[in-house]
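What follows is a single structure, written as structure tokens, with notes after it.
Below, chains carry the letters A, B, ... as their sequence lines are ordered, and counting in each starts from 1.
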Amino acid sequence: MIDQAERPKKSPKGASPEDARLRQQAIGAKLRQMFDEVVNEPVPGDFLAILKRADEKSSGGR
Amino acid sequence: MGLFERLAPHLPYMRRYARALTGQQAAGDAYVRAALEAIAAGDQALPPQLTPRVALYQVFHAIWDGTGAQLDIVNDDDPSTNGEPTRRLMRIPPRSRQAFLLTALEGFSPAEAGQILDVSSSEVEILISEAQAEIDAELATSVLIIEDEPVIAADIEALVRELGHEVLDIAATRTEALEAVARQTPGLVLADIQLADGSSGIDAVKDILGKFDVPVIFITAFPERLLTGERPEPTFLITKPFQPETVKAAIGQALFFHPARAKVAA
């Protein structure tokens with residue numbers, strides 16, 4: 001059989017970084033779909049309150 | 001610019017990442033909250049040389065590393081765990097899981113992931129490779145190839161073995177495919193559509209899916225047959241001629257997100 005020319009050599013265990021990245025991007029794209037609802041739901045109010053309080057404190061303290 | 005203005009836009013993504021990393025929304029949110037409190041209290045500074053998003057993730061990691069990185073117990077009863085994909089994520093060791101999720105899920109460059117994790121880009125590359133080795137080992141299964149052209153079948157076989165899978169059999173016809181699955185249950189089926197004796201790979205797959213649940217990837221020069229005909233689910237579709245990388249990516253995706261998977265027979 002004809003060997004494909006000049007493909008990067010791989011260690012027997014694991015993929016080349018480029019190969020691994022392509023495969024991980026495919027999984028990452030599906031993970032983003034899976035977690036879509038998390039991104040689209042409102043951020044818990046107390047998270048925002050923590051930041052607002054800190055901003056008020058630092059501007060009030062000046 | 002205040003903290004609110006700088007950080008609030010990134011919180012939805014921070015929560016997504018925290019959930020993916022910890023396996024649960026409640027646990028993830030607890031770490032995000034702790035990180036925000038540490039920033040607000042001045043215990044954790046946002047490094048000015050970093051973008052707000054990178055800085056936020058960096059503080060999150062400082063908190064996570066310092067407290068709970070080992071507490072990765074996924075409660076199967078929790079509906080927020082998303083089942084098998086989440087369990088597969090949790091099997092990747094924490095450091096590699098971070099590098100994997102920062103780049104593949106959150107879209108950070110290796111350099112940014114390095115800033116977040118406080119390691120060099122080359123160390124990030126190593127962590128990413130380790131994550132891939134872990135994923136490959138986790139997903140390793142036996143594969144049935146339904147393909148009547150010997151040269152293409154050999155290409156697919158080589159590619160499947162490169163990923164660390166076993167090839168259960170190469171079937172050239174619907175009948176051969178059914179004989180193969182009667183002998184042993186595959187964890188993945190790669191199927192051509194037009195087979196040697198005029199039989200159909202779609203029919204073969206329908207027969208197989210009638211017996212057990214298995215992820216299927218069609219590799220075909222005639223994608224329109226699948227688009228117009230009733231396409232058995234769950235299936236992926238790759239058009240010939242194919243790039244090996246495309247097939248590899250689809251195999252990883254199909255296996256990673258499939259709810260139940262047949263293990264390689266012990």
Side-chain angles (χ1 to χ4, degrees), chain A, chain B residues 2-8 11-17 19-20 25 28-29 32-33 36-37 39-42 80 82 85-86 88-89 100-101 103-107 110 125-126 128-133 135-137 151 154-155 158 162-164 244-246 248-253 256-257:
Chain A
M1 213 171 79
I2 302 160
D3 244 346
Q4 289 206 357
E6 298 304 319
R7 294 211 55 201
K9 279 258 184 276
K10 289 182 189 105
S11 62
K13 185 192 164 112
S16 72
E18 194 43 43
D19 213 13
R21 205 172 2 252
L22 281 171
R23 278 144 62 191
Q24 290 180 10
Q25 275 167 4
I27 292 174
K30 284 274 274 192
L31 285 174
R32 275 195 291 278
Q33 280 176 22
M34 193 170 104
F35 292 125
D36 240 3
E37 54 179 293
V38 182
V39 172
N40 291 326
E41 75 191 15
V43 170
D46 62 323
F47 287 14
L48 302 173
I50 292 168
L51 296 177
K52 276 186 186 145
R53 258 201 320 274
D55 282 341
E56 281 160 15
K57 211 169 77 186
S58 68
S59 63
R62 248 164 233 157
Chain B
L3 285 175
F4 185 88
E5 216 177 318
R6 273 186 290 167
L7 300 183
L11 291 180
Y13 306 101
M14 181 80 262
R15 290 184 72 226
R16 167 179 72 188
Y17 175 72
R19 167 156 163 187
Q25 193 65 64
D29 278 348
V32 177
R33 186 177 292 109
L36 293 176
E37 277 167 353
I39 293 168
S80 85
N82 295 89
T86 294
R88 290 191 177 116
L89 282 177
F100 164 62
L101 289 172
T103 51
L105 173 64
E106 297 300 318
E125 299 282 2
I126 292 169
I128 288 173
S129 293
E130 284 172 2
Q132 192 58 46
I135 293 169
D136 288 346
V151 175
D155 279 352
E162 239 179 90
L163 292 174
E245 294 73 26
T246 311
K248 287 181 182 177
I251 289 175
Q253 228 187 34
F256 197 91
F257 292 92

Residue pair A:R21, B:T103: steps toward the side-chain contact (heavy atoms from CB on, under 4.5 Å) verdict: CA-CA 9 Å; A:R21 205 172 2 252; B:T103 51; 6.0 Å; no
Can you tell which part of B:A131 gets under 4.5 Å to a heavy atom of chain A, answering side chain, backbone, both or neither? both
Just by distance, do the side chain of A:Q24 and the backbone of B:I128 share a donor-acceptor pair under 3.5 Å? yes
Region of B:I39 in contact with chain A, defined by heavy-atom distances below 4.5 Å: neither
Measure the shortest side-chain to side-chain distance between B:L3 and A:I50 over non-hydrogen atoms and say whether it is less than 4.5 angstrom. no
Pairwise salt bridge (charged side-chain N to carboxylate O under 4.0 Å, His left out) hits with a residue in residues 38-54 of chain A, at least two apart: A:E41-B:R15, A:D46-B:R33
So what's closer than 4.5 Å to chain A heavy atoms on B:L101: side chain, backbone, both or neither? side chain
Testing the basics here: between B:L105 and A:G28, what is the closest heavy-atom pair and its distance to 0.1 Å? CD1-O, 4.2 Å
Answer yes or no: is there a side-chain heavy-atom contact under 4.5 Å between B:D136 and A:R23? yes
With sequence neighbours left out, the residues meeting salt bridge (Lys or Arg N to Asp or Glu O under 4.0 Å) with B:E130 are none
For the CZ atom of B:F257 and the CD1 atom of A:I27, what is their distance to the nearest 0.5 Å? 6.5 Å
For the atom pair OG1 (B:T246) and CG (A:L22), what is the distance rounded to the nearest 0.5 Å? 8.5 Å
Taking B:A104's backbone N and O only, do any of them form a donor-acceptor pair with A:R32's side chain (distance below 3.5 Å, no angle check)? yes
Within the supplied structure, the quantity of interest is the number of heavy atoms (other residues, nucleotides, ligands) at a distance under 6.0 Å from A:F47 CZ; does it exceed 12? yes
Between the CD atom in B:E5 and the CG atom in A:L51, the distance rounded to the nearest 0.5 Å is 11.5 Å
What distance do B:F256 atom CZ and A:M34 atom CE have between them, rounded to the nearest 0.5 Å? 7.5 Å
Measure from the side-chain N and O atoms of A:D55 to the backbone N and O of B:F4, and report whether any donor-acceptor pair falls under 3.5 Å. yes
Side chain, backbone, both or neither: which part of B:L89 has an atom under 4.5 Å from a heavy atom of chain A? side chain
Taking C-beta and beyond as the side chain, do A:V43 and B:P12 meet within less than 4.5 Å on heavy atoms? yes
